[in-house]
Amino acid sequence: MYSASANRKNPALVIYLLDCSGSMDTQDVQVTSGLTEKRIDVVLKAFENSIVRMIQLSTKGTVIAPRYRIAAFAYTDSVTDLFGGVKTIDEVANLGLPSLSAKTQTNTEAAFLKAEELLRAELPSLSDGSPAPLICHMTDGEVNMGNDPSVVAKRIMQMKVPDGNVLIENIFVSPSAQLVRSVTSEVKDWAGLSSPAELVNDYAIRLFEMSSTLPESYRGMMLEMGYKGLKPGARMMFAGNDHALIKMAFAMSTATPVR
Amino acid sequence: MFPKPNEYCSDQLRETPLHQRNLGNVTMKALYARSRDSQLLSQAGQDYFKVMYGRSRSGRPKIAFALCDGVGNSFMGQLGARLLGDALCKLLWSDVSFMPPSSAEKFTFRLVAGLARNQASMAKGVDDFQLTSDLPLLVRRALGEQRQYGSEAMFVCGLLLNHRWYFGWLGDVRLQLLDETNEPAVNFTQIPDTNSRWSSRLGLRGELRSLIFSRDASQHIRHILAFSDGLASVEQTLSQMSDDALTAVIRAQEQSPASDDISYLHFTLHNN
């Protein structure tokens, strides 16, 4: 399970769902001691880092092999397709990344419905050797429009390919002390979240319940990236407003084994 | 002054089918095939080998070789492989041959010291590599960050001098030493190590291993195989494979989207 490698014939499908509601303009992400940045700016940088890493993992010489296929949706009260459909990593490299601005409300269900629709269209055409698709969802707050997104998320987690069920990763960007019992000081050694008891926020707990268990192959890739603390069985869930934690969270979206 | 050697090296931009060359009392077979991805994208392969051959000052056959496998996620692995391969061959042909070491430990020391002396020039070779100006911004950034970590490669190298064999290796590149029946000639186990490699930024990472064989000990060695991990799947049967069978294996692997570059050297000693 979750051992299929991303390559030209079997590219990995990664879907980003990015909350761009008004609260993402809050400047409370700790970058260094005393220095904070806006949530949306930190998320954009982390998203760009993920794309750059995928380019590096796909490049031989200066040519990019289409090892990844990427879709990205920004959501507020509505959902915007940032790339105009699923694009290969070389196409994304040529397109460049869109700018994002924070505004209005949060309809997380709409974003997951969009992802579900895309997966239903994509899954029948994925080859048997394809890695399981991954959804990387980033939000900074509770839903204030639409219905409970976990209903859709749990449907998505039942969708599968021979490599395994579709994976969902959740990143909850908000002051760490309001989300977790124990705030980590060194993300490279962080063990990850393995139990809802480690969370103190009801919505964080709900996101935890709709986060996949981290596959061992992904944990191995994270180890190669220097994140040596993640324990087996940790969930693909991040909660906090530490810049390094957000960077780690987006790095996880690139952790599909490659060949 | 050393006699000027003949040189043969792989062309990283195209496939070289299995072929044979006469190096005096040593016959060499060589093969080079890029991964399917590299072929489709008209890109250089990340493997590289070089062989220098001729006569020593005493008139005896002399061969130096290096076979290198560039690390895929490093900056221009093909460049690192070539820089390292050229440096190793030159080191073996000149420095090591000038005062041949008497033990494997001394040979290791000479290789490590020699590579350290060449480190700055190899690093400069990577730093000076020019990226084309038409690359998209994201690609330029991706490669720029990769360059900071340097270009990396693994290797196996060898020197035949005055009937003695010297071998050194680092990483996941393979070496087999066989007798006249194509069975292992010596009690030698190589453990592939994917973590060890040479870096243009950091130098040697991991443990460089070596073996030397005196004239008496090397009498049993008839065949020397050096190959990259692109052939790892057939490693156990490679020594018994005919040329046609090996060619068929290469052709089949080239069709796989997950195929790796393949480089292969096979030295057969006559009248050792």
Side-chain angles (χ1 to χ4, degrees), chain A residues 3-12 44-45 47-68 70 72 83 87-99 127-131 220-221 223-226 228 247 251 254-259, chain B residues 12-13 34-48 69-82 126 129-152 194-195 229-230 232-233 253 255-261:
Chain A
S3 59
S5 298
N7 54 49
R8 166 188 292 277
K9 186 180 173 192
N10 304 304
L44 268 177
K45 281 182 197 169
F47 178 46
E48 183 175 329
N49 288 341
S50 300
I51 299 299
V52 166
R53 176 166 163 80
M54 287 185 195
I55 292 171
Q56 290 168 342
L57 291 171
S58 305
T59 301
K60 246 189 176 180
T62 57
V63 179
I64 308 169
R67 290 182 173 171
Y68 295 92
I70 301 158
F83 293 141
K87 293 287 190 282
T88 57
I89 184 63
D90 51 312
E91 289 173 328
V92 170
N94 282 307
L95 278 170
L97 294 181
S99 57
S127 65
D128 284 353
S130 294
M221 292 292 282
L223 189 66
E224 282 185 24
M225 288 190 254
K228 46 193 189 311
K247 186 179 174 189
T254 70
T256 308
V258 292
R259 182 55 179 157
Chain B
Q12 290 174 293
L13 288 170
R34 294 170 296 166
S35 68
R36 187 161 181 259
D37 259 359
S38 292
Q39 292 188 38
L40 287 173
L41 298 170
S42 299
Q43 288 295 293
Q46 303 217 314
D47 286 2
Y48 175 77
D69 183 352
V71 175
N73 291 340
S74 70
F75 177 77
M76 300 290 166
Q78 71 272 22
L79 175 63
R82 181 168 55 78
V126 173
F129 183 86
Q130 292 291 322
L131 296 171
T132 58
S133 57
D134 59 347
L135 290 175
L137 209 59
L138 280 175
V139 178
R140 188 169 283 280
R141 182 191 149 185
L143 294 176
E145 286 179 11
Q146 263 188 340
R147 196 201 293 254
Q148 290 176 21
Y149 290 97
S151 188
E152 298 180 335
T194 54
N195 292 318
D229 67 340
S233 62
Q253 294 205 352
Q255 298 309 308
S256 166
S259 71
D260 196 359
D261 300 320

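A, B, ... follow the sequence lines: proteins, then strands. Residue 1 opens every chain.
No part of B/Leu79 comes within reach of chain A, as not one of its non-hydrogen atoms sits under 4.5 angstrom from that chain. For B/Gln146, the parts lying under 4.5 angstrom from a heavy atom of chain A are both the backbone and the side chain. Proximity to chain A (any heavy atom under 4.5 Å) is shown, for B/Leu137, by neither the backbone nor the side chain.
To the nearest 0.5 Å, the span separating NZ on A/Lys60 from CG on B/Leu41 amounts to 9.0 Å. Going from atom CD1 of A/Ile64 over to atom CG of B/Leu135 covers 8.5 Å, rounded to the nearest 0.5 Å.
Between the side chains of A/Arg53 and B/Asn73, no donor-acceptor pair is found at a separation under 3.5 Å.
With contacts defined as side-chain heavy-atom distances shorter than 4.5 Å, the pair A/Asn7/B/Arg36 does not qualify. Taking 4.5 Å as the limit, every side-chain heavy atom of B/Val139 sits out of range of all side-chain heavy atoms of A/Thr62. Residues B/Arg141 and A/Asn49 form a side-chain contact, since some pair of their non-hydrogen atoms from C-beta on lies under 4.5 Å apart. Contact check for A/Val52 versus B/Glu145: side-chain heavy atoms found under the 4.5 Å cut-off.
Around atom OH of B/Tyr149, no more than 12 heavy atoms belonging to other residues, nucleotides or ligands sit under 6.0 Å away.
Summarising the geometry of A/Gly61 relative to B/Leu143, their closest heavy-atom pair is O-CD2, 3.8 Å, with the distance given to 0.1 Å. Nearest heavy-atom pair across B/Ala142 and A/Ile55 is CB-CG2, 3.7 Å.
Interface residues of residues 88-95 of chain A toward chain B, defined by a heavy-atom distance below 4.5 Å and sorted by number: A/Val92, A/Ala93, A/Asn94.
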